[in-house]
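Worksheet: the structure to be examined is printed underneath.
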Protein chains: 2
Amino acid sequence: MGTKERRAREKEQLRQQILVAARELFVNEGYENISMRKIANKIEYSPTTIYLYFKDKADLLDSVCQETLLNLLNTLEQLKRDESDPVEALRKSGRTYVEFGLKYPQDYKLTFVIRPQFQKGLGLEEGSVGEKVFNYLREMVSECVQQKRFRQMDVETTGQVLWSAVHGVTLLLIDFPDFPWTEKDELIDTVIHTTIEGLKA
Amino acid sequence: MGTKERRAREKEQLRQQILVAARELFVNEGYENISMRKIANKIEYSPTTIYLYFKDKADLLDSVCQETLLNLLNTLEQLKRDESDPVEALRKSGRTYVEFGLKYPQDYKLTFVIRPQFQKGLGLEEGSVGEKVFNYLREMVSECVQQKRFRQMDVETTGQVLWSAVHGVTLLLIDFPDFPWTEKDELIDTVIHTTIEGLKA
DNA sequence: GATATAATATTAACACTGTAAAGTTAGATA
DNA sequence: TATCTAACTTTACAGTGTTAATATTATATC
């Protein structure tokens with residue numbers, strides 16, 4: 001009676017195959033330059049087969065972005081363990097966030113800039129990966145506030161300020177690679193350092 | 001012999017007409033949802049006429065964005081006059097920058113996020129409007145640094161840190177309107193205030 | 001093993017897209 | 001009036017996302 005299970009497994013496998021192909025194409029050539037037909041070609045299925053697994057192209061993008069968020073979450077959570085100082089932990093998290101964005105620039109843009117243009121929902125619903133990523137940030141910040149390392153301020157606002165800073169620098173570095181930036185690592189560190197100092201002040 | 005001039009004027013007029021129509025459509029319905037045919041319909045010309053005035057759709061986007069930058073520059077320069085304290089002037093400029101982005105969210109995204117995806121060049125070349133906007137920021141910052149109001153730091157880096165912050169918060173507010181943000185104005189003020197405090201520290 | 005049934009995949013088609021090439025028209029020059 | 005030229009349109013092509021109808025395949029039942 002394992003037939004059903006095997007079938008389900010096979011179905012999931014094809015779903016994954018589509019996702020892998022879609023991510024690779026989206027990331028290398030940009031979401032709007034990739035057609036359903038191109039994805040279909042890559043996996044050697046007919047274009048319409050994709051619609052048996054995903055509602056439409058935006059839904060496919062959505063699933064790719066969910067994976068990216070999961071990837072980001074895992075990357076961040078690997079840090080958490082080995083750092084006792086909460087401010088230092090926050091600094092490292094910020095650094096890791098930006099580095100993640102620069103390591104997978106297209107994934108980052110897809111998730112945090114392109115996707116919102118197509119899917120109006122935020123992807124931060126109850127139990128979603130996006131929510132978990134945000135909770136991670138919230139916890140980090142909360143620790144700093146509780147230990148009075150920051151000036152008295154709403155935890156939510158504090159988190160949002162930090163997010164603004166890292167999101168901003170990540171996108172600028174991605175979008176304007178030719179701009180005469182300060183040396184990249186120095187800029188990232190300075191952005192994070194400045195923001196954290198500002199939160200202490 | 002005024003014929004040539006009249007013709008040139010008419011030509012420029014149609015160019016402007018196309019730009020106005022394109023901006024309105026792009027801004028209201030999004031760049032990727034607008035076809036050349038829709039723009040052509042709006043101005044009551046055939047679609048291919050547009051190609052006599054603009055190289056392609058990306059070039060048309062480009063011109064729309066140039067106008068946006070000019071608009072931003074004018075908005076910013078109106079501030080300059082009436083503020084003697086350089087830090088306060090910088091704060092106001094930051095505030096104005098974000099407000100501009102939120103007042104014309106689609107223009108902002110078009111210029112600072114969508115455009116770089118299509119036109120790899122930055123649009124900050126010698127003599128360009130983009131360069132002027134950036135010079136404005138540079139001057140503001142420079143004033144603060146010269147008057148020792150900020151901790152000793154490279155003017156370029158300081159400017160880039162500020163730009164990161166305001167760019168970040170602007171985009172987050174645009175892209176995730178449903179997120180449970182701190183009250184919008186408070187968040188913007190806090191982002192700018194925190195960054196500036198961090199630069200002093 | 002043959003047949004009915006359900007799952008999965010494909011073909012054909014529609015209404016669009018950006019844009020190149022060729023054709024048309026109106027006004028200026030000679 | 002004939003010719004030239006700039007401005008604009010028509011036509012056409014190859015490609016797009018997506019739907020409905022159809023075909024194929026694999027399983028379950030007899």
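Labels below follow one simple rule: chain letters A, B, ... track the order of the sequence lines, proteins then strands, and each chain is numbered from 1.
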| So, does the side chain of B/R37 form a donor-acceptor pair with the base of C/dG18 at under 3.5 Å? | yes

| request: Would you mind reading off the distance between B/L52 atom CG and D/dT10 atom C1', rounded to a whole angstrom? | output: 13 Å

| Closer to the 5' end of DNA chain D via nearest nucleotide, is it B/T48 or A/A58? | B/T48

| request: Just call it for A/L14: base, sugar-phosphate, or nothing, with non-hydrogen atoms closer than 4.0 Å on any strand. | output: sugar-phosphate

| query | Would you say C/dA9 has OP1 or OP2 under 4.0 Å from some side-chain N or O of A/T49? | reply | no

| message | From NZ of B/K55 over to P of C/dA20, roughly how many Å is that when rounded to an integer? | response | 8 Å

| said: Under 4.0 Å, counting only non-hydrogen atoms across every strand here, what does B/I34 touch: a base, just sugar-phosphate, or nothing? | reply: sugar-phosphate

| task | Check every strand shown and say whether B/I39 touches a base, only sugar-phosphate, or nothing at a heavy-atom separation below 4.0 Å. | result | nothing

| When you check the phosphate oxygens OP1 and OP2 of C/dT17, does a side-chain N or O of B/S35 lie under 4.0 Å from one of them? | yes

| B/T111 and B/P116: which non-hydrogen atoms are nearest, and at how many Å? | O-CD, 3.6 Å

| field | Below 4.0 Å: OP1/OP2 of C/dT8 and any side-chain N or O of A/K11 | value | yes

| Looking only at heavy atoms, what is the nearest atom pair of B/L79 and B/Y136, with distance? | CB-OH, 4.2 Å

| query | In whole angstrom, what separates B/F54's CZ from C/dG18's P? | reply | 15 Å

| query | Looking across every strand, which nucleic acid part, if any, lies under 4.0 Å from A/Y51 by heavy atom: base, sugar-phosphate, or nothing? | reply | base

| query | With a 4.0 Å cut-off on heavy atoms, is A/K38 in touch with a base, just the backbone sugar-phosphate, or nothing at all? | reply | sugar-phosphate

| message | Among A/W181, A/F176, A/F179, which residue satisfies the ring-ring contact (aromatic ring centres under 6.0 Å, His included) criterion with B/F134? | response | A/F179

| message | Assess the residue pair B/Y104 and B/Y108 against the criterion (ring pair (Phe, Tyr, Trp, His ring centres under 6.0 Å)); give the C-alpha distance rounded to whole Å, side-chain angles, the decisive distance to 0.1 Å, and a yes or no. | response | CA-CA 6 Å; B/Y104 311 105; B/Y108 188 84; over 10 Å; no

| said: Once you apply a heavy-atom cut-off of 4.0 Å, does A/Y53 come out as touching a base, just sugar-phosphate, or nothing? | reply: sugar-phosphate

